[in-house]
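For reference, the structure is listed below as structure tokens.
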Amino acid sequence: MDNMESTKLEEIAFDGGPPVLRIYKDGRVERLVGTQIDVPPGIDPKTNVESKDAVYSQETAQYLRLYIPKNSTSSSAQKLPLLVYFHGGAFFTWTASFPMYHTYLNSLVAEANVIAVSVDYRRAPEHPIPIAYHDSWDALKWVASHYGGNGHEKWLNRHVDFNKVYLSGDSAGANIAHHMAIRIGKEKLDGINLAGIMLIHPYFWGKEPVGDETKDPDKRAKIERLWRLVSPTTSGADDPWINPFKDQSLASLASLVCSRVLVCVAEKDVFRHRGWYYCERLKKIGWKGEVEMMESKGEDHIFHLLEPTCDSAMAKLKKVAAFMNQGP
């Protein structure tokens, strides 16, 4: 190891280890994943879905990416369901315009024939939890401001059926979608009629294992360590932000206007058991809505984003699209 490399390593205050994240004592952050160049919006040649970006917070300059299916812009009378999507990345990596999310949203919008809004939020560790949740709520309020056709964005004014709004996300984004659904239920956000939520490989955790979840202390410690990185003031793995089963937030779903929930898990995913547990708890608290589960056999965490054309990814895409098209 040369002197320059040695000095570099000695400066590290936290090393998530390849291929995750490094934080240096001088405050610099080096992301070792999610370093691909973001892709611009436009017309996708494969799906003919059109996209564009819009700023939802003038204060923070945070943006979201809107998607509209082929031919929708030519008919102002057509009203479509709205999907609000939150990207994953453990709260510290990836963006709404990251290539794999842009590809996924183009495909999902084309398959489901919906309008989509993909929310970009500020990332930890520069912007620790709960900032991602605050940004996501601001984005939802911006979306809701278009109810009645008086917002800034004509796609939402003209083409969205606000009686059919769905929230979804993968991994950390699924965690955000859950918390946004809870907040909508508590605060009754005018303009948003939440028809359902779709949690894809949700990033939930806890101090004690559930079901057949791994009991390996090293694996559990690594997951908690990453959580503490993005949430330095956390109480730990049972923090309600990461463990919704330790407070009353999940119970509040019992009175939520949302009537349908879809949870997708992957057989090899370390977070798989939390997804199953989420559905079990919903049923136990007496929630009267419809709960659906989909498990992808032989697959791991966010496989559908990494290999979007594989059979399992296509099956999951069709399931999510069908969920939105079935109701309410």
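Basis for what follows: all heavy atoms, side chains included, without hydrogens, waters or symmetry-related copies. Only a predicted model underlies this, so the values are computations on that prediction, with no experimental measurement involved. The first residue in the sequence is number 1, and the count goes up from there.
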Spacing of OG belonging to Ser171 relative to CG belonging to Asp269, to within rounding of 0.5 Å: 7.5 Å
Of Tyr67, Trp94, Tyr85, the residue whose pairing with Tyr104 passes ring-ring contact (aromatic ring centres under 6.0 Å, His included): Tyr85
Around atom CZ of Phe303, are there more than 12 heavy atoms of other residues, nucleotides or ligands at under 6.0 Å? yes
Quick one: does any side-chain atom of [X] pair with a main-chain N or O of [Y] as donor and acceptor, under 3.5 Å?
| X | Y | result |
| --- | --- | --- |
| Arg31 | Phe92 | yes |
| His146 | His152 | yes |
| Thr93 | Gly89 | no |
| Asp239 | Ile242 | no |

Does the side chain of [X] pick up a donor-acceptor pair with the side chain of [Y] at under 3.5 Å?
| X | Y | value |
| --- | --- | --- |
| Trp227 | Thr234 | yes |
| Asp120 | Gln62 | yes |
| Glu299 | Ser312 | yes |
| Tyr101 | Asn106 | no |
| His178 | Tyr278 | yes |
| Asp138 | Ser57 | no |

So, for [X] and [Y], is the gap between ring centers shorter than 6.0 Å?
| X | Y | answer |
| --- | --- | --- |
| Tyr203 | Phe271 | yes |
| Tyr277 | Phe245 | yes |
| His87 | Tyr121 | yes |

Compute both the distance and the angle, then confirm whether Arg123 meets the cation-pi test with Phe91: under 6.0 Å from the six-membered ring centre, within 45 degrees of the axis. no
Row check, Tyr24 ring normal vs Arg28 NZ/CZ: under 6.0 Å, within 45°: yes
Start with the C-alpha distance between Lys207 and Asp238, add both sets of side-chain angles, then the distance that settles salt bridge (Lys or Arg N to Asp or Glu O under 4.0 Å), and finish with yes or no. CA-CA 6 Å; Lys207 184 176 181 179; Asp238 282 340; over 6 Å; no
Is it the case that one hydrophobic cluster holds both [X] and [Y], taking links as side-chain heavy atoms less than 4.5 Å apart, direct or via other members?
| X | Y | result |
| --- | --- | --- |
| Ile223 | Leu229 | yes |
| Ile176 | Trp142 | yes |
| Leu66 | Leu80 | yes |

Exactly one of Glu295, Glu292, Glu111 should register a salt bridge (charged side-chain N to carboxylate O under 4.0 Å, His left out) with Lys319. Which one does? Glu292
Does this structure show an ion pair linking Glu267 with Arg272, if we count only N-O contacts that are shorter than 4.0 Å? no
Check the orientation of His301 and His201. Use parallel for under 30°, tilted for 30 to 60°, and perpendicular for over 60°. tilted
